[in-house]
Colleague: 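Okay, here's the structure, questions in a sec.
Whatever order the structure lists them in is the order used to number ligands and atoms, beginning at 1.
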Amino acid sequence: MVSPLQGIKIIDWTQVQSGPSCTQLLAWLGADVIKIERVGSGDPTRNELLDFEGMDSLYFLQLNSNKRSIELNVKTPEGKEILTKLIKGADIFVENLHPGAADSLGFSWEEVHKMNPRVIYGTIKGFNDDSPYASVKAFEPVAQCAGGAAATTGWWDGEYNIPTQSGAALGDSNTGMHLAIGLLAALLKREKTGEGCFVQQSMQDAVLNLCRIKLRDQLMLQNIGVLKHLPEYPSEKFGDTVPRAGNVEGGQVLGWCYKCKGWETDPNAYVYIVLQNEAKAFDEACQALGKPEWITDPKFNTPEARNLVKQEIYKGVEEYTINKDKHEIVDELGKKGVPCGPVLSMLEIEKDESLYKCGTLVEVDQPIRGKYVTIGCPPKFSDFTPEVKSAPLLGEHTNEILKEIGYTDADIDKFRTGHIVCK
Ligand SMILES: CC(C)(COP(=O)(O)OP(=O)(O)OC[C@H]1O[C@@H](n2cnc3c(N)ncnc32)[C@H](O)[C@@H]1OP(=O)(O)O)[C@@H](O)C(=O)NCCC(=O)NCCS
């Protein structure tokens with residue numbers, strides 16, 4: 001079995017979530033990813049949100065599988081020399097330190113390009129260089145707020161009408177996925193030109209890229225003053241910016257999240273149901289939901305008419321869902337061609353055997369923790385199955401990596417004594 005990125009070497013000077021999610025994906029695809037970690041402490045997530053003392057955190061383990069780890073003090077001349085040697089033999093160099101940090105240590109794009117003109121340089125920062133916030137450090141919520149997600153997520157009225165974050169890591173892992181696309185494109189380009197390039201991915205851009213339909217809404221609002229697909233229409237007044245949309249579907253189709261049996265005690269006893277616009281699909285949904293009268297009633301039987309009575313439709317559909325189990329609903333409606341899905345808790349997801357069967361969830365073994373569950377490689381290939389391995393221990397591969405670039409045992413002992421490397 002040939003892995004897509006077999007033979008590609010990546011020097012991974014990333015930490016926390018955004019950068020590591022990118023390099024983990026590339027490692028699953030077969031790249032040799034060498035993670036550069038701070039001497040003694042490593043990636044800060046190794047010790048963040050610990051469930052057991054003395055073990056790498058689940059946070060770290062979810063983001064660093066299939067990599068090799070070297071502890072390296074890049075602030076020393078010897079550390080710089082080692083990193084330079086590694087870059088000289090690499091295809092990709094990635095960093096996500098705070099703005100200016102890699103540059104000030106002598107690893108700017110210009111310097112790295114001089115060291116190895118073939119190397120592709122990937123970088124993640126909160127904001128682009130031209131942004132007024134270019135020098136600001138960023139974490140997940142910063143990006144969700146600056147990229148349009150927080151302003152448009154959540155409830156549009158009541159006590160909880162406040163900017164709200166998504167549970168999905170739109171600022172971090174989503175940025176990592178964007179950078180991965182950029183790096184893969186740069187690799188293909190290098191096949192043609194023989195030269196590496198600089199790929200910068202800001203977290204703000206990555207979030208905003210997923211908020212395209214919110215920009216669509218902003219422009220529509222400016223043009224016609226209302227957003228007919230939002231639950232607020234037609235009874236509430238629109239301001240000059242896109243409001244939070246609750247659980248509305250992003251298109252013109254009428255979607256909502258409905259209570260199911262057990263909702264009083266189970267916060268996830270909900271199902272999402274979409275009523276499509278096409279007459280045939282709408283008719284089938286009405287039959288399935290026990291509302292055949294909607295098919296001929298002009299109050300309901302066109303998308304425009306339905307926009308005026310959304311709240312009535314939500315109530316009508318909930319009469320069907322409220323006493324049924326969410327899985328039964330999806331089973332029944334799914335068979336009848338109605339787009340729908342259960343709200344699954346993380347517990348339900350973690351216990352879902354079907355997700356293990358298709359490699360979406362995998363159990364891996366780590367020397368200290370033992371077995372743990374992680375999310376595997378999302379794309380599935382016809383002729384290649386990524387083998388998800390455990391994340392490395394801190395500095396686990398220091399010796400072998402140093403020997404690969406020509407250092408002897410005596411050199412390594414000297415580095416260890418000088419705290420250039422550790423384990
Ligand atoms: C995540 C972030 C906010 C953390 O900032 P931070 O606490 O200053 O941590 P950093 O790791 O960036 O830098 C800390 C120091 O460690 C140093 N360092 C990192 N790895 C090192 C190594 N292997 N050897 C020696 N020093 C090292 C850095 O050079 C820096 O030194 P300086 O402060 O003297 O410049 C910041 O890195 C950032 O904004 N990154 C870009 C956006 C991003 O990816 N965010 C992460 C979201 S998950």
Colleague: Indicate yes or no: does Asp409 engage Lys403 in a salt bridge with an N to O separation below 4.0 Å.
Modeller: yes

Colleague: Counting only heavy atoms, tell me which of Pro20, Cys22, Ala101, Ala138 gets closest to atom 45 (N) of ligand 1.
Modeller: Ala138

Colleague: Taking the basic N atoms (NZ, or NE/NH1/NH2) and the acidic carboxylate oxygens, is any pair closer than 4.0 Å for Lys35 and Glu71?
Modeller: no

Colleague: Using a 4.0 Å cut-off to any heavy atom of Leu105, which atoms of ligand 1 qualify?
Modeller: 29 (O)

Colleague: Give the residue and atom name of whichever protein heavy atom lies nearest to atom 40 (N) of ligand 1, and the separation in Å to one decimal.
Modeller: Asn96 O, 2.9 Å

Colleague: To the nearest 0.1 Å, how far is atom 18 (N) of ligand 1 from its closest protein heavy atom, and which atom is that?
Modeller: Arg38 CD, 4.0 Å

Colleague: To which protein heavy atom is atom 20 (N) of ligand 1 closest, and what is the distance rounded to 0.1 Å?
Modeller: Trp13 NE1, 3.2 Å

Colleague: So for atom CG, which belongs to Leu105, do other residues, nucleotides or ligands contribute more than 12 heavy atoms lying within a distance under 6.0 Å?
Modeller: yes

Colleague: Show the atoms of ligand 1 that are less than 4.0 angstrom away from any heavy atom in Phe139.
Modeller: 1 (C), 3 (C)

Colleague: Tell me, which protein residue and heavy-atom name are nearest atom 34 (O) of ligand 1, and how many Å apart are they?
Modeller: Lys75 NZ, 2.8 Å

Colleague: Give the residue, atom name and distance (to 0.1 Å) of the protein heavy atom nearest atom 6 (P) of ligand 1.
Modeller: Lys137 NZ, 3.7 Å

Colleague: Counting from 1, what ligand 1 atoms have a heavy atom of Ile124 closer than 4.0 Å?
Modeller: 41 (C), 44 (O)

Colleague: Any non-hydrogen atom of Ser18 lying under 4.0 Å from ligand 1?
Modeller: yes

Colleague: With a 3.5 Å distance limit and no angle check, can you tell me whether Glu350 reaches the backbone of Leu347 through a side-chain donor-acceptor pair?
Modeller: no

Colleague: Compute both the distance and the angle, then confirm whether Lys324 meets the cation-pi test with Tyr320: under 6.0 Å from the six-membered ring centre, within 45 degrees of the axis.
Modeller: yes

Colleague: With atoms numbered from 1 as shown, which atoms in ligand 1 lie under 4.0 angstrom from a non-hydrogen atom of Leu72?
Modeller: 22 (C), 23 (N), 24 (N)

Colleague: Among all protein non-hydrogen atoms, which one is nearest to atom 24 (N) of ligand 1, and what is the separation to 0.1 Å?
Modeller: Val74 N, 3.0 Å

Colleague: Heavy-atom contact check, 4.0 Å cutoff: does Met203 meet ligand 1?
Modeller: yes

Colleague: Near Val16, which atoms of ligand 1 are under 4.0 Å from a heavy atom of that residue?
Modeller: 48 (S)

Colleague: Among Leu187, Asn66, Leu184, Asp32, which one satisfies side chain to side chain contact (heavy atoms under 4.5 Å, CB included) with Leu26?
Modeller: Leu184

Colleague: Considering non-hydrogen atoms of the protein only, which is the closest contact for atom 9 (O) of ligand 1, and what is the distance?
Modeller: Gln15 NE2, 4.0 Å

Colleague: For Gln17, counting its heavy atoms only, list the atoms of ligand 1 lying under 4.0 Å from any of them.
Modeller: 48 (S)

Colleague: For ligand 1 and Lys125, I'd like to know whether there is a polar contact (N/O to N/O, distance under 3.5 Å).
Modeller: no

Colleague: Tell me if a side-chain donor or acceptor on Ser18 pairs with a main-chain N or O of Asp172 at a distance below 3.5 Å.
Modeller: no

Colleague: If we only count N/O pairs under 3.5 Å, is His98 in contact with ligand 1?
Modeller: yes

Colleague: Is it the case that over 12 heavy atoms from other parts of the model lie below 6.0 angstrom from the CG atom of Asp365?
Modeller: yes

Colleague: Could you tell me whether Glu78 and Lys414 have a side-chain N and a carboxylate O separated by less than 4.0 Å?
Modeller: no

Colleague: Do Tyr314 and Trp256 have their ring centres less than 6.0 Å from each other?
Modeller: yes

Colleague: Going by distance only, is there an N or O of Gly126 that falls short of 3.5 Å from an N or O of ligand 1?
Modeller: no

Colleague: Taking only heavy atoms of Asn73, which atoms of ligand 1 are found under 4.0 Å from at least one of them?
Modeller: 24 (N), 25 (C)

Colleague: Does a salt bridge link Arg68 with Glu400, judged by any charged N lying under 4.0 Å from a carboxylate O?
Modeller: yes

Colleague: May I ask you to identify, for Asp172, whether its side chain, its backbone, both or neither come under 4.0 Å of ligand 1 on a heavy-atom basis?
Modeller: side chain

Colleague: In a check of side chain to side chain contact (heavy atoms under 4.5 Å, CB included) between His229 and each of Leu254, Val253, Ile213, Asp217, which one passes?
Modeller: Asp217

Colleague: More than 12 heavy atoms of other residues, nucleotides or ligands under 6.0 Å from OH of Tyr133: yes or no?
Modeller: no

Colleague: May I ask you to check whether Ser104 has an N/O atom sitting below 3.5 Å from an N/O atom of ligand 1?
Modeller: no

Colleague: Less than 4.0 angstrom from a charged side-chain N to a carboxylate O is my criterion; do Asp56 and Arg46 meet it?
Modeller: yes

Colleague: Could you tell me whether Thr14 approaches ligand 1 through its side chain, its backbone, both or neither, with non-hydrogen atoms closer than 4.0 Å?
Modeller: neither

